[in-house]
Number of protein chains: 2
Amino acid sequence: MVSRKTVARMSRYRRLLASLHDEGVESIYSHQLARHAVVSAAQVRRDLMVIGYSGSPNRGYDVGACIESIGSFLGASDRQDVALVGVGNLGRAVLAHFAGESAAVAIVAAFDIDPDLTEHSVHGCRCFHASRMESLVRDLGIEIAVLTVPGDAAQATADTLVRAGVKSIISFAPVPLHLPNDIFVEYMDITAALESAAFFARLGGRDAAEAGDGEIEPMVKKLESLLARSNMKLEDLAENIGARVITPGRPGGTEVTRIYAGDRVSDLLNEATDKTLLVSNLASVQMLRVAELMDVPGICFVNGVEPEPEVVELARTNGTLLLVSPAGVFETCGLIYAHLAGDARS
Amino acid sequence: MVSRKTVARMSRYRRLLASLHDEGVESIYSHQLARHAVVSAAQVRRDLMVIGYSGSPNRGYDVGACIESIGSFLGASDRQDVALVGVGNLGRAVLAHFAGESAAVAIVAAFDIDPDLTEHSVHGCRCFHASRMESLVRDLGIEIAVLTVPGDAAQATADTLVRAGVKSIISFAPVPLHLPNDIFVEYMDITAALESAAFFARLGGRDAAEAGDGEIEPMVKKLESLLARSNMKLEDLAENIGARVITPGRPGGTEVTRIYAGDRVSDLLNEATDKTLLVSNLASVQMLRVAELMDVPGICFVNGVEPEPEVVELARTNGTLLLVSPAGVFETCGLIYAHLAGDARS
DNA sequence: CAAACGCTGTGAAATCTGTCACGATTCTCC
DNA sequence: GGAGAATCGTGACAGATTTCACAGCGTTTG
């Protein structure tokens with residue numbers, strides 16, 4: 001039996017693949033998709049295995065075909081109708097969220113007890129009075145419902161929906177629902193999420209300290225040899241320091257033996273080689289030009305800047321690997337260092 | 001290390017306990033709390049174990065003290081401030097959701113790029129322009145953020161938040177975020193939830209058929225002996241057929257050896273005993289009166305009706321166990337039957 | 001006052017979930 | 001055409017999570 005989590009990941013894969021497809025990407029390797037989805041490569045392969053889609057070694061997975069496969073697995077066969085109950089702020093937000101998507105699931109009817117809302121359209125979805133819910137849901141054969149009603153109405157509403165033939169419910173209400181256990185319920189418990197976040201935020205300080213368990217040995221000069229020895233891909237490094245990859249590097253991976261951090265073009269011209277990763281504050285076209293001139297394989301911008309489209313375009317054309325780290329130059333370098341040191345130790 | 005799931009459950013426990021506390025419940029057993037939270041009793045005990053709170057045998061857990069314990073575990077020490085980014089429909093819904101709650105977490109600032117929203121209050125929360133986000137978040141020492149921006153802005157916003165010192169993020173955006181791995185991220189992926197729901201709804205038919213795998217043997221007459229032999233509590237039965245418990249039964253559990261389904265009072269007077277569970281369409285006070293007269297220990301209403309407060313009140317006074325099953329009389333009986341049969345077989 | 005009962009706390013088993021490692025396969029390059 | 005490199009598919013493994021099962025203890029009952 002396929003697990004709930006796997007299905008959720010599948011949905012994410014499909015959306016990621018769809019956006020890549022729009023960018024003209026034809027095929028993709030498991031580790032690339034893994035990086036996009038923030039999971040491990042093995043996970044991706046296993047997930048794609050269960051849906052029966054096979055990629056080809058050396059070309060990876062065909063993006064289009066893979067989208068198709070996931071589609072047929074998740075059930076693109078016939079469109080599935082969804083009902084939404086509770087047209088408050090949250091309900092409207094959910095309606096707006098799905099208004100654009102032309103996915104295989106579509107919210108076709110909304111229900112509320114407020115007569116003012118009734119018989120109007122909200123974000124392109126017809127709104128009916130709750131009293132008509134049971135018969136309409138039954139007659140339309142709707143099997144999926146989104147519950148955005150207040151907590152005290154959730155149980156009764158859910159019971160009605162189940163009676164009308166609904167098989168799956170997504171509940172935003174902050175109460176657990178008591179339903180027959182052949183009904184699938186997915187809770188979107190915002191309060192629980194927030195309290196979990198608060199909990200882990202408090203732990204954050206301590207935990208992060210534990211995580212960065214490296215002794216800060218003064219072995220700076222070893223960096224070069226560490227880099228040279230480690231056959232780590234820049235792509236993998238990016239993942240480990242929390243940087244995101246904006247443009248892919250050269251095919252076959254990007255090898256570096258040095259890291260240079262700085263913004264002064266004159267220094268750069270002296271220091272950069274064709275195996276240097278450049279870490280810079282300056283997300284400008286100028287930087288890219290110099291990088292190209294020096295044949296630098298990769299650049300890492302910092303502070304989470306969003307490079308101008310022009311810059312991204314140029315990087316893509318040049319085949320320069322473009323990273324963006326959320327941290328500053330210092331932290332980014334520190335992270336890379338710690339990572340390499342940790343890697344070498346193990 | 002305590003897991004993410006455990007923390008989320010803790011949050012649910014606390015809310016359930018709080019609402020029970022308001023109802024005047026003083027103490028509770030693990031299996032009762034388990035039923036409310038729709039988890040197993042062992043799970044509850046283990047969860048409460050990790051926070052170090054101990055109940056007493058035979059009196060169970062003290063509701064008030066337990067709320068306190070969970071509070072100090074999740075961190076009630078000092079209020080934690082939360083920022084919300086993206087004051088669209090969804091953002092407003094989340095703000096409204098937390099406006100009332102006086103919990104230990106509070107959304108203290110909202111941010112958006114729309115100047116029209118800026119400097120206004122939305123649901124009692126001051127809204128600032130996004131350009132002031134980084135400095136304000138940093139200066140206020142906010143470590144938790146709710147992300148309700150469109151997908152294409154999510155990554156950049158998250159980077160900025162992390163740079164400003166945020167430790168935990170709850171993201172409603174439909175894209176995975178690439179962040180340092182000491183940052184806690186909780187995804188509320190509505191699309192994934194809906195697609196999962198759609199998937200399991202489709203499976204529903206088959207799956208349910210598999211679940212109810214019992215051969216439909218004509219052993220109706222064995223029911224009585226089955227019931228007599230099984231020392232099942234009605235409370236447990238309720239859980240297994242997806243019925244919810246409205247009022248608790250007599251202390252010490254509710255034993256039944258027969259089940260009678262029907263609405264005619266005259267039949268009832270002939271059939272009911274003090275060990276009969278009554279299954280009825282009719283959620284009326286009349287029914288309760290007859291039940292009391294005949295000393296019936298439990299009644300199960302069907303079709304998910306919401307009994308009148310008057311009925312509930314009377315049942316509580318009488319010490320009559322009141323259940324509501326989401327299904328009809330037929331299905332409810334069938335479920336109970338299947339369950340008993342399955343139980344006896346195992 | 002002793003026996004029986006029912007609940008909690010917790011070690012141990014079972015189950016679920018994700019990762020690793022390695023053979024199989026395909027493509028590239030010489 | 002064959003060696004080599006890189007990737008996929010998958011059995012085996014490790015870790016996390018949940019459930020089971022039972023000892024221990026307070027309460028009730030005869």
Side-chain angles (χ1 to χ4, degrees), chain A residues 1-10 12-13 26-35 37-63 65-66 69 181 196 231-233 235-236 239-240 248-255 346, chain B residues 1-10 12-13 26-35 37-63 65-66 69 181 196 231-233 235-236 239-240 248-255 346:
Chain A
M1 187 48 199
V2 55
S3 89
R4 180 177 292 226
K5 289 190 178 180
T6 306
V7 175
R9 277 198 299 272
M10 227 65 97
R12 290 218 301 274
Y13 294 155
E26 302 256 320
S27 62
I28 190 170
Y29 298 128
S30 60
H31 63 265
Q32 297 176 311
L33 181 53
R35 187 159 38 252
V38 193
V39 296
S40 75
Q43 181 90 70
V44 170
R45 290 207 298 276
R46 187 159 284 275
D47 286 339
L48 291 186
M49 193 178 79
V50 305
I51 69 170
Y53 175 71
S54 284
S56 85
N58 241 37
R59 232 191 353 272
Y61 299 95
D62 181 277
V63 175
C66 193
S69 278
N181 42 23
S196 299
N231 56 354
M232 180 183 309
K233 297 276 183 60
E235 287 83 353
D236 295 327
E239 180 172 12
N240 282 296
R250 297 157 188 167
T254 308
E255 187 197 10
S346 68
Chain B
M1 186 50 197
V2 55
S3 88
R4 177 178 297 224
K5 288 187 178 180
T6 306
V7 174
R9 276 199 301 274
M10 228 64 98
R12 291 217 300 275
Y13 295 153
E26 301 256 321
S27 63
I28 190 169
Y29 298 128
S30 62
H31 64 264
Q32 297 176 311
L33 181 53
R35 187 160 35 256
V38 194
V39 297
S40 74
Q43 181 90 75
V44 170
R45 289 206 298 275
R46 190 158 283 276
D47 284 340
L48 292 185
M49 197 178 77
V50 304
I51 68 170
Y53 176 71
S54 282
S56 87
N58 238 37
R59 232 189 355 270
Y61 301 93
D62 181 277
V63 174
C66 194
S69 280
N181 41 22
S196 299
N231 56 354
M232 182 181 310
K233 297 276 183 59
E235 287 83 353
D236 295 328
E239 180 173 13
N240 282 296
R250 298 158 188 166
T254 308
E255 188 195 12
S346 67

Just call it for Arg4(B): base, sugar-phosphate, or nothing, with non-hydrogen atoms closer than 4.0 Å on any strand.
-> nothing
Are side-chain heavy atoms of Val44(B) and Tyr29(B) found at a separation under 4.5 Å?
-> no
Rounded to whole Å, CE of Met49(B) lies from P of dT19(D) at a distance of 14 Å
Atom-pair distance (NE2 on His31(B); P on dG9(C)), nearest Å | 14 Å
Specify the separation, in whole Å, of atom OH of Tyr53(A) and atom P of dC8(D).
-> 10 Å
If you draw a 6.0 Å radius around CZ in Arg4(A), do more than 12 non-hydrogen atoms from other residues or ligands fall strictly inside?
-> yes
A correct 5'-to-3' footprint of nucleotides 19-30 of chain C, with B, S and - meaning base, sugar-phosphate only and no protein heavy atom under 4.0 Å, is BBB---BSB---
Write down the distance between NZ (Lys5(B)) and C1' (dG18(C)), rounded to a whole number of angstrom.
-> 12 Å
Is the distance from OP1 or OP2 of dG9(D) to the nearest side-chain N or O of Ser54(A) less than 4.0 Å?
-> yes
What is the distance from CG of Leu48(B) to P of dT10(C), rounded to the nearest Å?
-> 12 Å
Is Thr6(B) touching bases, backbone alone, or none of the nucleic acid, heavy atoms closer than 4.0 Å?
-> nothing
The reported gap from CG in Leu33(B) to CD in Gln43(B) (rounded to nearest 0.5 angstrom) is 11.0 Å
In whole angstrom, give the distance that lies between atom CG of Asp62(B) and atom C1' of dT8(C).
-> 15 Å
Gln32(B) CD to dC7(C) C1': how many Å, rounded?
-> 11 Å
Evaluate the side-chain proximity of Asp47(B) to Ile51(B): yes if any heavy-atom separation is below 4.5 Å, no if none is.
-> no
Taken to the nearest whole Å, OH/Tyr61(B) to P/dG6(C) is 18 Å
Reported NE2-to-OG distance for the pair His31(B) and Ser40(B), which is rounded to 0.5 angstrom | 13.0 Å
What is the distance from atom OG of Ser196(B) to atom CZ of Arg9(A), rounded to the nearest 0.5 Å?
-> 10.5 Å
Within the pair Tyr29(B) and dG9(C), is there a side-chain N or O less than 4.0 Å away from OP1 or OP2?
-> no
Which listed nucleotide (dG9(C), dT18(D), dT8(C)) is nearest to the side chain of Ser30(B)?
-> dT8(C)
For side chain to side chain contact (heavy atoms under 4.5 Å, CB included), just list the numbers for Tyr61(A) and Arg45(A), CA-CA rounded to whole Å, side-chain angles, deciding distance to a tenth of an Å, and then say yes or no.
-> CA-CA 10 Å; Tyr61(A) 299 95; Arg45(A) 290 207 298 276; 3.7 Å; yes
